[in-house]
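By convention here, the first residue in the shown sequence is residue 1. This structure is a prediction, so every number in the text was calculated from the model and none was measured. Each ligand, and each atom within it, is numbered from 1 in the order the structure gives.
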Amino acid sequence: MNEHVAAPVPDSGVAVDLSGAVRRDWTRVQVRALFDLPFPELIFHAQRIHRLHFDPREVQISTLLSIKTGGCPEDCAYCPQSAHYEAGVKAEKLMEASAVIAEAQAAKRAGASRFCMGAAWRNPKDRDLDAVCTMVEGVKALGLETCATLGMLTGPQAQRLKASGLDYYNHNLDTSPEFYGEIITTRTYRDRLDTLDHVRAAGIAVCCGGIVGMGEGREDRVGMIVALATLPRHPESVPINMLVQVEGTPLATGAALDPIEFVRTIAAARICMPASVVRLSAGREEMSEETQALCFVAGANSIFYGPKLLTTPNPGRDRDRALLDKLGLTPME
Ligand code: SF4
């Protein structure tokens, strides 16, 4: 038994399991106590727990391609692809499968182990799903892990994707249940949980996380981590995004989140979902190398590689390669 099990968190008196065991009964009081820890304590425990489950030198690398851009009927306040806002993103048709497979080949050559295909849909129509299944089969045949993010899914749609070889499905909870209504009104938190249930039931691994810096308070970041860490099973992959403020969207202005608070969120995700891959996702373009390094120390062990994340900028591959080299990190096989 580890000496840190149920250790009272200094200055709070709250008993928190810091053993690194996978558990799904996290409470708000416990996660709040983690966020409130002195920063060195929090980072120490996050890094210690990270090492119980992962090689701290390895970073999983994914590439994300927008296979269908813009014109989305949903009203996610952070998203330039929503048809509700004038953010300068042109609505495009679904890409041809051959073009998607060529992009996947290039991503593989650049060191990606997973290829994620994103479509700006509320939910896929069955005829669109046929085309996506062809893409998944083609990407899988290259020896890459496959991931898709296509909006809400029914149970049969999830099963079709599984049959075509889909390994991961991304569907984020975005924020806490309490703050959610400030960000999206066109689908409910329950809708999201239902899609996650369908994905799980089909035997597809779940990629599910959220976004911070949207004007939420710490209590909402706590609530988001609790919502993720108390799902029926922890997501295999947990993307934590820093809001990218895009002109034309309702969240274009507003105070940026303090980078230290972002690192605290990564650390809390690592401690509460110790065996999940935690992905440092959107927002890296504006993040200093020092902040990204702190995120890796706090337990982040995945990034998106490539110059664009759907429609927002991402550091180029050369810059990423240089940062990983500088930190002595290597791509996870
Ligand atoms: S986040 Fe996804 S669902 Fe929401 S508006 Fe953007 S593309 Fe549509």
So the atoms of ligand 1 within less than 4.0 Å of a heavy atom of Arg187 turn out to be 3 (S)

Does either side chain, that of Glu74 or that of Thr186, offer a donor lying less than 3.5 Å from an acceptor on the other one? yes

Proximal atoms of ligand 1 relative to Ala120 (non-hydrogen, under 4.0 Å): 7 (S)

Atom 6 (Fe) of ligand 1 [closest protein heavy-atom partner, distance rounded to 0.1 Å]: Cys79 SG, 2.3 Å

Which atoms of ligand 1 are found less than 4.0 Å from any heavy atom of Glu74? 3 (S), 4 (Fe), 5 (S), 8 (Fe)

For atom 4 (Fe) of ligand 1, the closest protein heavy atom turns out to be Cys76 SG, 2.3 Å

Would one find more than 12 heavy atoms of other residues, nucleotides or ligands at under 6.0 Å from atom CD of Glu96? no

Given the options Val244, Val246, Leu243, Tyr78 meets side chain to side chain contact (heavy atoms under 4.5 Å, CB included) only with Leu243

When you compare the side chains of Gln47 and Arg51, does any donor N or O come within less than 3.5 Å of an acceptor on the partner? yes

Arg122 near ligand 1 by a heavy-atom separation under 4.0 Å: no

Atom 6 (Fe) of ligand 1 to nearest N/O/S of Cys72 less than 2.8 Å: no

Indicate the atoms forming the closest heavy-atom contact of Ala46 with Ala298, along with that distance. CB-O, 3.4 Å

Look at atom 8 (Fe) of ligand 1 and say whether a protein heavy atom is found at less than 4.0 angstrom from it. yes

Run the side-chain hydrogen bond (donor to acceptor under 3.5 Å, both in side chains) test on Ser113 and Gln60 for me, step by step, so that the C-alpha distance in whole Å, both residues' side-chain angles and the decisive distance to 0.1 Å come before the verdict. CA-CA 7 Å; Ser113 60; Gln60 190 272 329; 3.3 Å; yes

